[in-house]
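To start, the structure itself, in structure tokens.
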Amino acid sequence: MGTQSDIKLIDENGLRLDGRSAGDLRPIRIEAGVLERADGSAMIEWGGNKIVVAVYGPREAYPKHNQDINRAIVKARYNMAAFSVDERKRPGPDRRSIEISKVLSEALSAAIMVEQFPRAQIDVFIEVLQADAGTRIAGLTASSVAIADAGIPMRDFVTGCTAGKVDGKVVLDLSKEEDNFGQADLPVAVLPKSGKIVLMQMDGDLSVEEFDTATSMIMNAIPRINEIQRNALSSRVKVEGGGGE
Amino acid sequence: MGTQSDIKLIDENGLRLDGRSAGDLRPIRIEAGVLERADGSAMIEWGGNKIVVAVYGPREAYPKHNQDINRAIVKARYNMAAFSVDERKRPGPDRRSIEISKVLSEALSAAIMVEQFPRAQIDVFIEVLQADAGTRIAGLTASSVAIADAGIPMRDFVTGCTAGKVDGKVVLDLSKEEDNFGQADLPVAVLPKSGKIVLMQMDGDLSVEEFDTATSMIMNAIPRINEIQRNALSSRVKVEGGGGE
Amino acid sequence: MGTQSDIKLIDENGLRLDGRSAGDLRPIRIEAGVLERADGSAMIEWGGNKIVVAVYGPREAYPKHNQDINRAIVKARYNMAAFSVDERKRPGPDRRSIEISKVLSEALSAAIMVEQFPRAQIDVFIEVLQADAGTRIAGLTASSVAIADAGIPMRDFVTGCTAGKVDGKVVLDLSKEEDNFGQADLPVAVLPKSGKIVLMQMDGDLSVEEFDTATSMIMNAIPRINEIQRNALSSRVKVEGGGGE
Amino acid sequence: MPRDELGILSEIKKGYILRQLKEGKRGDGRTPDQFRSAEIKIDYVKRAPGSAYVELGKTRIVAGVKVEAGSPFPDTPNQGVLTTNVELLPMAFPTFEAGPPNESAIEVARVVDRGIRESKMIDLEALVIEPAQKVWIVFIDIDVLDFDGNLIDACTLGAVAALRSAVVNGSAAGKEDFRLPVRNTPVSVTMVKIGDNIVVDPDLEEEQISQARITVSTTEDGRIRAMQKGDNGWFTLDEIKKAISTSIDVGKQLREKYLK
Amino acid sequence: MPRDELGILSEIKKGYILRQLKEGKRGDGRTPDQFRSAEIKIDYVKRAPGSAYVELGKTRIVAGVKVEAGSPFPDTPNQGVLTTNVELLPMAFPTFEAGPPNESAIEVARVVDRGIRESKMIDLEALVIEPAQKVWIVFIDIDVLDFDGNLIDACTLGAVAALRSAVVNGSAAGKEDFRLPVRNTPVSVTMVKIGDNIVVDPDLEEEQISQARITVSTTEDGRIRAMQKGDNGWFTLDEIKKAISTSIDVGKQLREKYLK
Amino acid sequence: MPRDELGILSEIKKGYILRQLKEGKRGDGRTPDQFRSAEIKIDYVKRAPGSAYVELGKTRIVAGVKVEAGSPFPDTPNQGVLTTNVELLPMAFPTFEAGPPNESAIEVARVVDRGIRESKMIDLEALVIEPAQKVWIVFIDIDVLDFDGNLIDACTLGAVAALRSAVVNGSAAGKEDFRLPVRNTPVSVTMVKIGDNIVVDPDLEEEQISQARITVSTTEDGRIRAMQKGDNGWFTLDEIKKAISTSIDVGKQLREKYLK
């Protein structure tokens, strides 16, 4: 987690810089079917994040020696556009994006009925056009909409959210400033029907009690985010959350 | 095109730094069959350019999934030797040489009877030993001699020439200084029998009228250059152009 | 060879910085079977060198177009750990390690009965954990123990040693300082039964007479080093050489 | 660019398109000289000083402009630096692959770059902070999200729109925010040859069956700034001259509609 | 990590392991919460200021710490730099390949790095030589020689032991030799889920048949500093909570035994 | 180097060559100790301060020397820098591939480099412009255009001839043009073993059927400066000693003929 700062991130009323309370989400908007060529696609705007996801497949895995004779391979590729962050990002994968691609692939594999597509590959391309904290979770949440849009059978959605610690307080869905100057970041993704955890990473400093509070907040938010996913697929668009007054 | 300069590139008599008139070519010399291992080869000296070309093929395209079942793939590889330019060039392809290789491949594909060699590949390796403006055109002009030397059937030669604008005046076959300090560069290659244009690039600043003048000059020079190509194949060597008095 | 230095590397009694005489070896210790996964393995400590070697194979050569239908391919990969030298070494092969890998592969090919394993590949991974002059020879000497440990049939061991010139005098088995400030370095490896030379490199400045002295010293040391190799395979460990008093 | 890789265009369909073209008709009802209508959203990416989203048919790209302080090239100590990169994202087409730009992506980037550079749209001399030491580096990065033909023109439109709208944070040079020194408005117009017909702004189907491509970049003064012939076919000189004149005409329309 | 690539684990064997686990027994006789006994040799490589050889089961790694003077990152001018690299050497397993670190090697390195970085084990502020100009760069490089499961914990143990024992040559900054400014002792504990059972410190066989992996890094104050869930399976929240408590307990034992 | 990759050498031909060699005859009529006659053109490339074209049999190479001002290596602050690169161009042989130098190209470059470096042909101490700050960097780049055996000697001849003839533009250091400080004339002589015969300057056919290769680089004082044994075969010590003496003799002839 980032360095200390003099900025007070939570005011005396418990409100955050953008006016949210501890348990509030930023506005989330998902649209499915935004691309022509891809088999499935989705665009998500989550706070200041703007991420487009395209799905191709199931198609024959290539090269052949990578094929799994029992199930489809899910390959997520998380990538940040050069202009998506304040300082220009050099094109191409770095160690961070390779790790994120790995954990996103694993999380999606748990939801997709991979056993129906032996020897196949499902590609999920996640392009971050504008980054604003929580990109992996936002990209993953959009990915399961794009996979559904592609007509690929899933046991359930994958729905994610982060919590973290800011000014010593556990809060939901960190903003960029909270991520930069906070004390912990905990991205989690679940299968919302069962609450099974398919992605969890943490860095920072949390006591066991703080961890419990953070995961409660996340579990509490998951149904709201999943509803936005469902609505996107019913080709409706809904704006959720936003502001804490 | 390059930056402005105080050098006067054309004198009061309309003569250029090397004494040529606007429509004069630099000396050109082509020799075919200069290498042992290649299936066909040629060396061209054009002004201060010194370029060797080797052709291999038709041979089976590799990897196989690149094969075209209807025709041969033509792969030109334009490369500058580390010592070919004033400042040492790092070995290996850069973006410029990759683009040039692409347009040269396309120009040669238009001339070679590619439909006679399904699934095959024809490699044309163009090594610039000494660069002096107009290397792509010189390399391309030598390439069709090397392809003929390899016995690969062609509809016609590919014959190229550049024109450009210097001190506001349209001239043929830019020299290094004219290329560096001129206002436009227009490399063109044609099938000389029909005048069909198979390569054309331009950068700089040309009016429509200037473009017409430039292409007239080029079309005018093409038969002279093609004659040098033909002579090289009749295993004779001829020096053309040179000086403008 | 390195630059001149003011350090006197050989004293008035003919003794070297570490107390050895001209023909003395540094202490050598080899242990076979040190790794679980590899088909064969060995660890060598030779002076301050600490090198581990793992052997995999014979296994099918991959990719297939690399296969030799008459014999096994031997691929040694010499690699220095980032922490093995004074200044951190960037991970990955450099030109030096690629050349060393080539000459080690060739030396081992001369000893292994490669004709018994057509289409196969034998991988020999040589990891230098701590470097102290003579790493290629130490790694090669350990390699033939690891190959024997893997049960791969060999005509003979490969046994190596270096000689060099220090303060104008020919000496055996250069130390780090002698390598840095000496006038010649001559690594040699032989099949000890026959004395056939399978690796020889030299750099520096040697007269023909000095070369003869150096190779005599090496040939003289080979049986002692080979005995340590043999002992390692008899699952005994022996310390040889060390000190010159 | 991929040629008929989808296998969706049978010979029958090719014949149909050709017959239609002979009558001056195109698959989507356009005339040969007609550009598709485009949608351009500037300031699409807030973190970039300049950006634009362009939809041309179903071709979708995002162009972002970043401006950072850095060193000039040794041979142009008194000029800022301009660099253009195009990413043909694997999401944009089934056969596009992840990895460093291939020859197609490099060609698109270099043709876009030449149109902008040779028109002298950006006054690079005005981007010097300290001569020979520190200049502004203008990075144009373009993400291709969806591919439906004519990338060069879509990317040029996006890059030019992003440059025109950019507001640069000057603090890295101790200066106020500033707009890029824009002098003119280059536009590229790309045409392909199908049989004996030449059509403007080809869509994916047209690109897949065309023999040759020509791009002409012009400025509002009607001057030619860059050209690029592509693909394995050929043009006659007359066809090229006609293409230049079409480019000047269509370029005017595009400037009028999208870049005022 | 490779999953059953050796083909040595038949379905029969899997069933056997599962039945055994139901009775709380593991292949090598350990209880589910039991770490294998490790061997750690510090100062294993004399040319590195800090180093450690770790043997955990038959997993064997060497961690080396190098410290060099260099430039700080622009956004943290008042901090030293910490960097962690793990090489899955091809000698360590039949299917490991030479080349730059793949996604598995990168994940191990980044999880090890996070445990150390987020615990603030090394006081990076104390590693500044000249603010914004020159700081100490701490390179943690780990060679994996032999692979028998649970690389993350073996590598974390090695890295922490090497950092704790390092004595840095200060001459590059005109200073005396010094120890790294160590503030605490992070330990990672990794568990995998096999059927409904969760076991600590999996060996190779257990990793190959497990569905999901969870790593929890803690410090001696019982606080969580880093976590990573891996593999295609899932955990319930209760399983995670149990894993955290196990990690704190086992972490204490490891610190007591190996990092005093 | 490729070994019989053309498939042109049947076992019958091999047998024939061997029988001929037993009688001291080679395919092109040379004696075992005879070098092919070479053609060397210096100043072949005008843009390089030094250059040479070498034809040895049908092996054709161009060596170019560039000299640029740059930083010295930290551990040799009072020396210029010498670097040698060899490109086995795909034009030179059917199986040579484009791309970064492979192990064969690297070996050739390093053996050529060692012969020049260890003979101290170039006085690197004389190439310092400002100690520890700025030195002359000598780049030797070699293009292999056509491959007919014995690259090491062809490349060494070309590199040495180019270095001897180089006239450097001194303006980058505010100096006059100057010749490189050349102290002696290293020559490499390469031999291969075919059966029990050792032949000098092998051509392609001989390289393809040989078991082992030895290169010895010497200076005019008859001293050995670099050696390299290559390929999967072996030499006896006596064979090596004979090769050294041959190298000294042949080296004298080469210096006399081509490097006066």
Side-chain angles (χ1 to χ4, degrees), chain B residues 33-43 45 47-60 62-63 75-93 97-98 101 121-133 135 139 142-143 146 150 176, chain F residues 2 5-6 43-53 55 57-70 83-101 105 109 137-149 158 162 166 169 172 203-204:
Chain B
V34 297
L35 298 179
E36 177 76 6
R37 294 293 154 216
D39 296 321
S41 60
M43 162 74 86
E45 296 181 51
N49 291 304
K50 202 175 253 179
I51 300 170
V52 57
V53 179
V55 172
Y56 283 90
R59 51 187 179 183
E60 195 187 9
Y62 186 82
K75 289 191 77 168
R77 180 179 179 266
Y78 167 98
N79 188 56
M80 301 190 93
F83 45 74
S84 65
V85 281
D86 284 337
E87 197 180 346
R88 177 182 187 257
K89 197 202 154 290
R90 277 174 70 98
S97 69
I98 290 170
S101 296
Q121 176 167 326
I122 294 166
D123 288 296
V124 181
F125 300 111
I126 300 160
E127 184 75 6
V128 178
L129 298 174
Q130 187 168 288
D132 189 39
T135 54
S143 293
K176 188 87 193 139
Chain F
E5 278 160 338
L6 292 172
D43 293 333
Y44 186 74
V45 177
K46 306 296 183 218
R47 291 202 186 279
S51 64
Y53 169 88
E55 207 171 294
K58 296 299 182 190
T59 288
R60 294 177 168 97
I61 68 104
V62 180
V65 168
K66 289 274 183 191
V67 183
E68 297 181 358
T83 150
T84 306
N85 187 53
V86 170
E87 298 281 318
L88 298 186
L89 296 177
M91 68 168 45
F93 200 73
T95 59
F96 288 0
E97 289 177 12
I137 301 176
V138 179
F139 293 97
I140 304 172
D141 284 287
I142 303 174
D143 261 19
V144 176
L145 307 179
D146 214 353
F147 174 48
D148 188 31
N169 181 334
D203 65 18
L204 180 61

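Numbered from 1 within each chain, the chains take letters A, B, ... in sequence-line order.
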Item to check | salt bridge (Lys or Arg N to Asp or Glu O under 4.0 Å) between F/Lys46 and B/Asp132, worked out | outcome: CA-CA 10 Å; F/Lys46 306 296 183 218; B/Asp132 189 39; over 6 Å; no
Checklist outcome for this item: In short, B/Leu35 meets F/Met91 closest at the heavy-atom pair CD1-SD, 4.0 Å
Checklist entry - At a heavy-atom separation under 4.5 Å, does F/Pro100 approach chain B through its side chain, its backbone, both, or neither? => result neither
Item to check | Proximity breakdown for B/Arg88 and chain F, heavy-atom pairs closer than 4.5 Å | outcome: both
Checklist entry - What is the minimum heavy-atom distance between B/Pro91 and F/Glu87, and which atoms define it? => result CB-OE2, 3.3 Å
Checklist entry - Where does B/Val55 contact chain F at under 4.5 Å (heavy atoms): side chain, backbone, both or neither? => result neither
Next on the checklist: So does F/Thr95 get a backbone contact from the side chain of B/Tyr56, meaning a donor-acceptor N/O pair under 3.5 Å?
Outcome noted: no
Checklist entry - Side chain, backbone, both or neither: which part of B/Asn79 has an atom under 4.5 Å from a heavy atom of chain F? => result side chain
Checklist entry - Minimum heavy-atom separation for B/Arg37 to F/Ala92, with atom names? => result CG-O, 3.2 Å
Item to check | Best-contacting candidate, B/Gly57, B/Ala82, B/Ala131, B/Gly92, against chain F by heavy atom pairs under 4.5 angstrom | outcome: B/Ala131
Item to check | Within 45° cone and under 6.0 Å: B/Lys50 NZ/CZ vs F/Tyr44 ring | outcome: yes
Checklist entry - Where on F/Leu89 is there a heavy atom nearer than 4.5 Å to chain B: the side chain, the backbone, both, or neither? => result side chain
Item to check | Side-chain heavy atoms of F/Pro94 within contact of B/Arg59, under 4.5 Å | outcome: yes
Checklist entry - For F/Asn85, is it the side chain, the backbone, both or neither that has a heavy atom under 4.5 Å from a heavy atom of chain B? => result side chain
Next on the checklist: With a 3.5 Å distance limit and no angle check, can you tell me whether F/Lys66 reaches the backbone of B/Ser84 through a side-chain donor-acceptor pair?
Outcome noted: no
Next on the checklist: Less than 4.5 Å to any heavy atom of chain F: does that hold for the side chain of B/Val34, its backbone, both, or neither?
Outcome noted: backbone
Checklist entry - For B/Ser41, is it the side chain, the backbone, both, or neither that has a heavy atom closer than 4.5 Å to a heavy atom of chain F? => result neither
Checklist entry - Name the one of F/Val65, F/Ile140, F/Val62 that satisfies side-chain contact (heavy atoms from CB on, under 4.5 Å) with B/Phe83? => result F/Val62
Checklist entry - So B/Lys89 and F/Asp141, salt bridge (Lys or Arg N to Asp or Glu O under 4.0 Å) or not? Walk me through it. => result CA-CA 10 Å; B/Lys89 197 202 154 290; F/Asp141 284 287; over 6 Å; no
Checklist entry - What pair of heavy atoms forms the shortest contact from B/Val85 to F/Arg47, and how long is it? => result CA-CD, 3.9 Å
Checklist entry - If only atom types and distance count, is the side chain of F/Asp148 paired as donor or acceptor with the main-chain N or O of B/Glu36 below 3.5 Å? => result no
